[in-house]
Asker: 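Before I ask anything, here is the structure I am working with.
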Amino acid sequence: MAAAAAAAGRARRGAPVYSQKELTSKKRGEFEDILEERRMSSDLRYAMKCYAPVIYKGLSPCKPSAIKSAVLHSEQVQYVIRQLAKETGESSDIIQEAAMEILDEMGHSMQLGAVRFFAFTLSKIFKRLFQRVCVNEEGMQRLQQAIQEHPVVLLPSHRSYVDFLMLSYLLYTYDLALPVIAAGIDFLGMKIVGELLRRAGAFFMRRSFGGNRLYWAVFAEYVKTMLRNGYAPVEFFLEGTRSRTAKTLTPKFGLLSIVMEPFFKREVFDTYLVPISISYERILEESLYAYELLGVPKPKESTSGLLKARRILSDNFGTIHIYVGQPVSLRTLASGRINRCPYNLVPRHLPQKPSEDIQEFVSDVAYKMELLQIENMVLSPWVLAAAVLLQNLPAMDFELLIEKTLWLKGLTQTFGGFIEWPDNLCAKKAITSGLALHSNVVCLVDGHVVLNDKGAEGGAVGEIVFKRALAILMCGTYRNQLLNVFVRPSLVAVALQMTRSFRKEEVYSCFSFLRDVFSDEFIFFPGISLKDFEEGCFLLTKCDAIQTTQQEIYPTDKGSVVISFLSAMFRPFLEGYQLIFRYLSKEAKAAFTEKQFIPGVRNFVFQLLEKGNTQCYEALSSDIQKNALAALVQLGAVKKKKMTNGFTYSINQEAVNKILDMFVFRNQLPRRNDTYPEEPPPREPPPASAAAAVQPRRLRSGAALCRVCGCLGPRVCGRCRRAAYCGPEHQALDWRRGHRRTCAQPGAADDLEDAVPDHNEFLFPEYEILIEPEEPESPADSSVDPDDEAAIDTSGNSDKQEELRATGSASEALESLDEETLEAMAKHETEDDKIFQKFKERIAAEPEQIIRYCRGGEGPIWVSGENVPEEKDIPNCSCGAKRIFEFQIMPQLLNHMKVDSLGESIDWGTLVVYTCANNCNEGNQYTEEFIWKQDFSAGSM
Amino acid sequence: MHGKARQELLKWNGWGYNDSKFIFNKKGQAEFTGRRYRLGGMVLPTFKEWIEKTFGASLEHKSTSRASLNVNDVPPSVVNEEFLRDLIATKISYSQDAEDRVFRGHGHCLHEIFALREGIFRRIPDIVVWPVCHEDVVKIVELACKHSLCIIPFGGGTSVSSALECPEEEKRTIVSLDTSQMNRILWIDEKNLTACVEAGIVGQDLEKQLAESGFCTGHEPDSMEFSSLGGWVATRASGMKKNIYGNIEDLVIHIKMVTPRGIVEKNCQVPRMSTGPDIHHFIMGSEGTLGVVTEVTIKIRPVPEYQKYGSVVFPNFERGVACLREVAKQRCAPASIRLVDNAQFQFGHALKPQVASIFTSFLDGLKKFYITKFKGFDPNVLCVATLLFEGDREKVLQHEKQVYDIATKFGGLAAGEDNGQRGYMLTFVIAYLRDLGLDYYIIGESFETSVPWDRVLDLCRNVKERIARECKEKGVQFAPFSTCRVTQTYDAGACVYFYFAFNYRGISDPIHVYEQIERAAREEILANGGSLSHHHGVGKLRKRWMKESISDVGLGMLRSVKEYVDPNNIFGNKNLL
């Protein structure tokens with residue numbers, strides 16, 4: 001099925017732009033520190049050096065004013081002006097005026113003086129801020145070559161304002177033509193700096209101008225004129241804005257399709273797209289970003305803001321790595337993909353909406369470029385350490401951190417991650433220096449690394465949560481740099497855990513679901529789910545975490561460490577999305593705007609964090625929140641509608657619940673474990689002759705199992721040496737029950753094997769558990785608020801149907817009795833009665849439910865007011881994290897298990913299970929959790 | 001006028017007359033043999049250096065053709081006895097001779113010439129027939145229908161679209177219907193200025209014979225020495241002087257064509273009629289798939305009183321194109337106006353003969369100084385337009401002035417008559433050059449397209465660049481020679497003609513590589529908004545792009561005509577559709 005889907009996908013897309021990337025670790029060129037020379041020679045001389053960059057085809061440079069006039073008088077712009085004049089009745093002179101204004105607002109006015117000024121000051125500033133600025137020389141040479149061959153588009157990653165200053169500085173240093181940069185118009189707010197930037201070659205675009213045809217025409221023509229004539233490389237950011245999370249943002253297509261158009265129209269022979277990866281060891285804006293993600297508004301760009309930023313000049317921001325990637329020929333990408341007809345049938349100066357296959361192609365190229373950026377992002381030791389640390393909060397032994405970081409280094413390299421280990425430092429030194437550089441995020445206390453959430457201890461609960469979230473988000477920024485390298489194998493790992501199946505097809509469908517859900521969170525090339533899955537499997541196989549056959553995937557014994565690490569790495573996203581989806585399914589209004597959504601979900605998560613019902617601090621990040629909402633829109637569970645004042649969302653509750661269900665109820669025990677067989681039980685019922693022998697007598701390993709209970713049976717009957725038992729009690733029991741009669745008869749040897757009937761007084765009957773979301777009750781039926789916790793019901797195997805029906809009617813009888821009693825009691829209602837009544841009402845919709853599951857959500861429903869645990873009664877997990885409610889077992893289970901004789905068999909009102917909020921993982925074994933037993937109070941019975 | 005055994009006059013394995021070819025003489029200098037062309041018997045001293053520099057070729061490395069046709073390689077003639085008996089009864093002359101059949105089994109595509117020189121043909125005609133009049137053709141088509149044969153009409157044999165190649169899988173007897181003996185002018189109508197001519201007449205014969213009565217058609221395709229009137233009609237030909245006389249579709253008044261369904265023609269000979277879609281347009285460009293054109297009534301004009309060549313040099317190709325566009329805009333194009341790019345200008349320069357008389361180059365002496373130093377033209381960038389004016393003397397001079405005035409506005413500089421004349425002469429001899437190249441591991445071909453004015457420059461640049469890039473990718477060791485000229489101007493666009501050649505030493509399958517590159521170049525043309533062909537036609541070489549060119553429905557329309565006219569595919573050369 002999966003294969004068929006992939007084949008269809010290929011048919012739709014034609015020849016794919018994306019070929020599975022070279023997975024063997026490839027050699028990437030050496031880095032050169034460009035600041036080194038700056039530290040040794042005069043900055044002034046450097047700024048005044050002879051600067052004569054090579055340009056495209058030996059063209060003589062063109063004055064900015066000439067470009068502006070060429071744009072204004074181009075057929076393209078003139079056409080739109082005439083068109084608008086005709087439609088609005090405005091005189092075309094006035095519109096021309098407006099176009100000129102736009103051009104003046106937008107256009108760059110590159111001047112060598114300003115460039116030199118920048119070269120000088122930036123030298124000073126960069127030397128203060130950064131230890132090193134490392135550039136791959138080979139990439140610069142390739143770029144120099146490319147600039148002479150075809151028009152070049154620079155596509156850097158965007159993490160900081162430093163990005164484009166740095167890139168221009170770099171090109172100046174290497175004597176290359178300074179790029180013209182599409183920068184957000186907010187910069188113009190910065191008076192002096194804006195003007196300086198403009199003179200250094202930046203041109204400015206409004207953030208949104210979809211509706212303004214004149215602006216679009218002028219802007220597009222401006223960019224294309226720059227490109228067509230090859231005066232200078234055009235630079236812009238595919239991500240559209242700085243990524244606040246250091247995770248690559250999904251690409252924007254507008255500018256990319258503008259720069260591709262001259263090629264589509266064959267006004268240029270080819271265009272080079274150059275992916276550039278800029279990695280910061282420490283991001284200048286890191287704390288600003290964290291505040292912003294938590295909803296503290298972003299300061300508007302202003303010169304005074306920048307001056308204040310001078311404070312940071314005294315700080316150390318480590319090393320920057322700039323990797324200039326291989327120029328990618330647009331022509332090569334497009335070969336065989338583009339239907340040329342549409343461009344041939346309309347004059348080239350007319351504005352034309354790109355056809356569907358062009359749009360698809362642009363999107364493919366955008367994703368490809370981002371994947372190339374990701375591939376060459378440099379990962380520092382600190383990035384690895386942050387990833388380890390976040391799985392071991394709140395504190396981690398330093399030595400252990402080093403050990404695990406080294407382990408992760410190996411894994412990262414296997415996955416093709418690009419690690420630069422500084423100066424071959426030993427691990428300890430490298431990590432110590434990483435900790436020192438990020439002392440605002442973490443610190444070393446008594447040989448333990450802890451998050452630096454200063455001031456968190458004393459404050460109110462809310463403040464503690466906020467501070468902690470801040471620290472975790474900042475730390476997460478660094479871990480995030482790994483995610484796109486890890487996402488394919490990790491989602492396979494998560495899928496393996498979620499499905500508890502070895503069947504490739506099932507794991508794949510889960511993987512594919514996760515990939516869809518996270519399509520805005522991580523970067524996936526569109527439409528190649530199967531390829532991504534195969535790549536994930538391949539990488540997991542490469543690090544010996546799994547073995548695969550044609551149809552199956554098995555985790556290996558040693559692989560469980562990798563699998564659980566990988567899934568833990570992505571757990572904040574799984575849990576975060578779960579929380580957000582739950583908010584949407586439960587708390588949010590049927591229709592809302594984004595402005596309402598973000599604070600709403602933030603409050604929801606905040607409260608859960610305050611109560612300790614979740615440990616997922618990252619769910620507070622507005623980035624995750626927006627992405628989760630976008631995912632639901634993409635999956636069709638939420639409808640997005642454009643209104644006059646932005647977008648409005650409306651929820652399809654049922655669809656959200658369905659998606660939510662895909663997330664819950666997974667078992668954390670790895671596939672290969674000491675308790676369960678790896679294979680799922682066979683689907684078909686066993687043949688009739690063996691019907692009695694429901695219990696396997698032996699494990700595949702050969703270990704015998706107890707004849708009575710089916711547990712491991714190391715003891716054997718002393719006489720026949722065949723019957724195995726778990727211990728003397730069951731041996732004695734079986735003896736009494738009949739083994740003494742068969743033991744001595746050698747002829748009965750065969751049926752000895754199945755001597756224990758499938759249902760004896762020691763074994764509970766078996767059922768299949770059906771899981772359903774709880775239907776919200778209509779208000780008319782009940783006073784309880786509608787809500788959608790997962791409620792669990794039982795239904796028997798086919799051979800058990802009869803019995804179940806009997807039980808069913810029995811409980812109905814009990815119910816009616818109860819109602820009478822309750823009515824009688826209503827006259828003197830106690831607190832306890834109310835609680836029990838509520839309990840009853842709640843389960844009335846599905847009276848046979850045996851388990852209610854709602855991890856971290858609304859707590860259990862109690863059967864009585866007595867013996868309700870307080871927070872201090874629930875002990876913390878061994879890892880130190882809080883335990884939170886996961887599920888409760890209902891008393892109805894006693895019925896189904898036929899242990900409901902009052903006073904004789906075991907009994908409970910409800911059993912409430914609390915589990916580690918951090919979901920800590922000890923690898924290949926069960927972790928001890930906490931259960932709280934509450935009985936029916938005497939009064940309610 | 002040619003006899004039936006054309007191979008006695010024409011090369012069996014190359015272009016043109018047996019006696020005319022480029023050679024390297026004992027001194028190692030290039031020379032053009034024969035007396036037919038003005039270049040004949042002249043030594044071209046700079047040509048060797050040019051060829052070595054441009055292609056990295058060396059006279060040491062020769063790749064020679066086989067000396068003569070190996071008759072044993074030729075597929076046997078398979079002809080049904082009954083048909084032969086019927087054919088003999090008609091008294092139409094025929095031949096089953098191997099040389100006759102091979103000669104009519106190919107056109108002049110590179111791979112065809114290559115196959116003659118060192119390869120084999122898998123399928124050629126089984127029999128050649130020479131009808132001498134329309135009635136003969138009717139009889140042959142009837143016989144073909146009766147005996148279920150396949151007819152491939154053959155005119156001048158100058159096709160460059162694989163149109164004459166026999167489909168390999170054709171099991172029926174293939175009859176090559178050679179029209180060369182139907183070459184009479186049936187009548188000349190001086191009142192209406194029309195002439196009715198049998199379709200087999202070759203271009204130069206037609207002009208010669210009309211000239212005897214003081215007329216001409218003015219239709220002069222570069223192949224006019226060998227190509228036939230019927231061939232022009234069948235491929236929608238275009239002539240050099242179309243600006244005055246028009247292309248074939250403007251010249252033709254009446255066509256008679258024999259099809260398996262019968263004869264198709266109009267009932268009168270009028271300049272224009274509104275009677276539904278013009279049936280001439282089903283015939284013109286049908287490339288021998290519907291029937292045989294037997295008689296054509298064509299417009300004639302009095303021979304012009306005065307002819308004058310001219311040339312203009314431009315600082316660069318962009319300016320030159322802009323000038324041509326302006327000339328077209330003002331609708332004052334002379335009989336012919338062509339713009340060659342710098343590479344082609346240099347190429348022409350390399351063909352300058354030693355005897356300087358009429359071939360003095362404008363780059364010599366003072367003129368050279370004036371152009372390069374005074375005017376600042378870069379000899380490696382400049383380009384040249386060649387012009388041909390025709391008409392009565394006064395008007396020609398007036399016309400000339402108008403064109404030169406426009407040229408001046410675009411930085412053009414008049415460069416003399418001689419250069420113009422040499423330019424046009426070269427187009428006739430340039431076809432001989434490929435045979436020389438083939439002797440030295442150089443293969444090449446020309447191809448053409450038509451394109452809107454605003455895309456001319458982009459198309460020329462991109463196609464050349466594409467060729468260079470493809471050559472590099474395909475492992476061609478030496479940079480290819482690719483050059484173009486704007487060879488016709490129209491109101492809405494231009495016709496662009498490319499030459500492309502490269503040195504194939506070190507490549508095991510040069511023809512395959514060549515075809516891949518040519519295909520890439522065609523893709524590039526289409527992507528740049530150019531047409532599949534301006535006048536060479538589609539044949540089998542460019543069939544793959546027909547659907548893209550004229551849409552599914554368009555193709556269906558043509559197919560349904562074919563199905564009606566020739567349901568049994570008697571005219572089974574498989575061209576076009």
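So you know, we letter chains A, B, ... as the sequences are listed, proteins then strands, and number each from 1.
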Asker: Rounded to the nearest 0.5 Å, how far apart are CD of B:E473 and OG1 of A:T332?
Answerer: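 Taking CD in B:E473 and OG1 in A:T332, the distance rounds to 7.0 Å.
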Asker: Does the side chain of A:D270 reach to within under 4.5 Å of the side chain of B:R469, using non-hydrogen atoms?
Answerer: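 Side chain of A:D270 against side chain of B:R469, heavy atoms only: contact under 4.5 Å found.
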Asker: CZ of A:F269 to CD of B:E524: how many Å apart, nearest 0.5 Å?
Answerer: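 The CD atom of B:E524 is 5.0 Å from CZ of A:F269, to the nearest 0.5 Å.
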Asker: Check whether A:R331 gets within reach of chain B through its side chain, its backbone, both or neither, counting any heavy atom under 4.5 Å.
Answerer: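 Just the side chain, heavy atoms under 4.5 Å.
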Asker: Side-chain contact test, heavy atoms from C-beta onward, threshold under 4.5 Å: evaluate it for A:K265 versus B:D458 and give yes or no.
Answerer: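 Sidechains of B:D458 and A:K265: no contact.
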Asker: Take a 6.0 Å sphere around CD of A:E356 and say whether it holds more than 12 heavy atoms from other residues, nucleotides or ligands.
Answerer: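 Count not over threshold, so no.
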Asker: What's the shortest heavy-atom distance between B:L526 and A:N344, and which atoms?
Answerer: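 Between these two residues, the closest heavy atoms are O-ND2, 2.9 Å.
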Asker: Taking NE2 in B:H512 as the centre, count heavy atoms belonging to other residues, nucleotides or ligands within less than 6.0 Å. Is the count above 12?
Answerer: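 Open: at most 12 neighbouring heavy atoms sit under 6.0 Å from NE2 of B:H512.
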Asker: Do side-chain atoms of B:N462 reach the backbone of A:R266 as a donor and acceptor pair under 3.5 angstrom?
Answerer: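 It does hold such a pair.
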